[in-house]
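Working notes for the structure below.
All figures in this text were calculated on a predicted structure; none of them were measured in a lab. The residues of the chain are indexed from 1 along the displayed sequence.
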Amino acid sequence: GHLSVLISRLVGPCGTVCAFEASPRNLEPLQTNLTTNGCGNVRVVHAAVSSRSGTQVGFIYGSHPPADRLGRSDDGRPPDVMVPELTLDDFVEHFRIEPRVVKMDIEGAEYAALQGFRRTIDRLRPIIVLESDREAREGVKYLSSLGYRVIDLCDYRELRSETDFPEGVVVSNVLCL
């Protein structure tokens, strides 16, 4: 919720921030943080942003909330909870909003989320900031294929291919324009 608080202040009282949280364990701390910081312009949505809406996905609790993740457990145990999936396109259309900036940090699910955001991307071309690790660079490739320029926020270089990512960097934040 730290970024939600920061962005809430940046957009001001006339702006709106939509914070999507899949982890049931993170919902209460997120709401508490937002309330404590007077962020009345933030809508919290309990859903996994994905390439489809109306389905449920398994959610696995890790040893602590940042280790929670969507999908299956490594040891084959069933999910701890099921979470609704939602496309950003459906959300945008339902609430008739026009996002100008989108920040995604969804632990490797960015590509699926971007696929479910394609109509809005085509129509509005929002600025997109992605956190991307070495195993989840599909989102960066996808946005590049749609004509976005991708800038590494670590060194401000344009990334044109997989080989442009800095050596030894596991996680990068990239700005897509």
Side-chain angles (χ1 to χ4, degrees), residues 1-50 53 59 62 64-70 83-133 136-137 139-140 142-143 146 148-159 166 169-177:
H2 301 294
L3 273 177
S4 295
V5 170
L6 173 65
I7 295 168
S8 168
R9 292 198 172 119
L10 289 172
V11 302
C14 294
T16 301
V17 176
C18 300
F20 297 85
E21 179 55 62
S23 173
R25 296 197 305 184
N26 286 336
L27 286 173
E28 185 179 336
L30 172 59
Q31 273 305 149
T32 300
N33 193 20
L34 294 170
T35 301
T36 301
N37 285 285
C39 300
N41 61 348
V42 179
R43 291 182 191 173
V44 176
V45 180
H46 178 213
V49 176
S50 185
S53 291
F59 198 84
H64 57 293
D68 293 352
R69 62 187 171 87
L70 295 171
V83 176
E85 289 185 294
L86 173 68
T87 70
L88 289 176
D89 279 336
D90 288 347
F91 183 83
V92 163
E93 290 165 11
H94 179 79
F95 288 103
R96 296 181 183 160
I97 59 176
E98 295 191 353
R100 291 184 280 169
V101 179
V102 175
K103 166 69 167 107
M104 288 187 186
D105 176 4
I106 46 181
E107 310 307 321
E110 290 82 2
Y111 179 60
L114 289 167
Q115 289 177 312
F117 195 41
R118 177 66 189 263
R119 293 188 309 267
T120 306
I121 288 172
D122 288 345
R123 186 171 58 88
L124 299 175
R125 304 297 289 180
I127 295 168
I128 300 173
V129 180
L130 294 178
E131 181 174 281
S132 180
D133 63 21
R137 298 259 163 90
V140 170
Y142 182 67
L143 287 171
L146 297 178
Y148 274 81
R149 291 182 58 213
V150 179
I151 311 294
D152 186 329
L153 290 175
C154 180
D155 60 11
Y156 305 109
R157 289 184 318 134
E158 187 168 357
L159 305 174
V169 174
V170 177
V171 176
S172 295
N173 279 290
V174 295
L175 175 65
C176 306
L177 305 167

> Got a donor-acceptor contact below 3.5 angstrom from the Thr87 side chain to the Ser53 backbone?
Replying inline: no
>> Apply side-chain contact (heavy atoms from CB on, under 4.5 Å) to residues Val140 and Val174 and explain how you reach the verdict.
In response: CA-CA 8 Å; Val140 170; Val174 295; 3.9 Å; yes
> Looking at Leu146, Ile128, Leu88, Val102, which one forms a side-chain contact (heavy atoms from CB on, under 4.5 Å) with Leu114?
Replying inline: Ile128
>> Can you confirm whether Arg125 is buried at CZ, in the sense that more than 12 heavy atoms of other residues, nucleotides or ligands lie under 6.0 Å from that atom?
In response: yes
> About how many Å separate SG of Cys176 and CD1 of Ile121, when rounded to the nearest 0.5 Å?
Replying inline: 9.0 Å
>> Checking Asn173 now: which residues fulfil side chain to side chain donor-acceptor pair (under 3.5 Å) with it, not counting sequence neighbours?
In response: Lys103
>> Could you work out, with salt bridge (Lys or Arg N to Asp or Glu O under 4.0 Å) as the rule, every residue matching Glu158, not counting sequence neighbours?
In response: Arg149, Arg160
> For Phe20, does its backbone N or O pair with a side-chain atom of His46 as donor and acceptor, under 3.5 Å?
Replying inline: no
> Roughly how far apart are Leu34 CG and Gln31 CD, rounded to 0.5 Å?
Replying inline: 6.0 Å
Listing, residues 36-45 side-chain donor-acceptor contacts under 3.5 Å, not counting sequence neighbours, or none:
unit_1 : atom_1 : unit_2 : atom_2 : d
Thr36  : OG1    : Thr32  : O      : 2.7
Asn37  : OD1    : Arg9   : NH2    : 3.4
Asn37  : ND2    : Asn33  : O      : 2.8
Asn37  : ND2    : Asn33  : OD1    : 2.8
Asn41  : OD1    : Ser8   : OG     : 2.4
Asn41  : ND2    : Ser8   : O      : 3.2
Asn41  : ND2    : Gly12  : O      : 2.9

> Stepwise, does the side-chain contact (heavy atoms from CB on, under 4.5 Å) test hold for Arg25 with Phe59?
Replying inline: CA-CA 11 Å; Arg25 296 197 305 184; Phe59 198 84; over 6 Å; no
> In Å, rounded to the nearest 0.5 Å, how long is the span from CD1 of Ile106 to CD of Glu21?
Replying inline: 11.0 Å
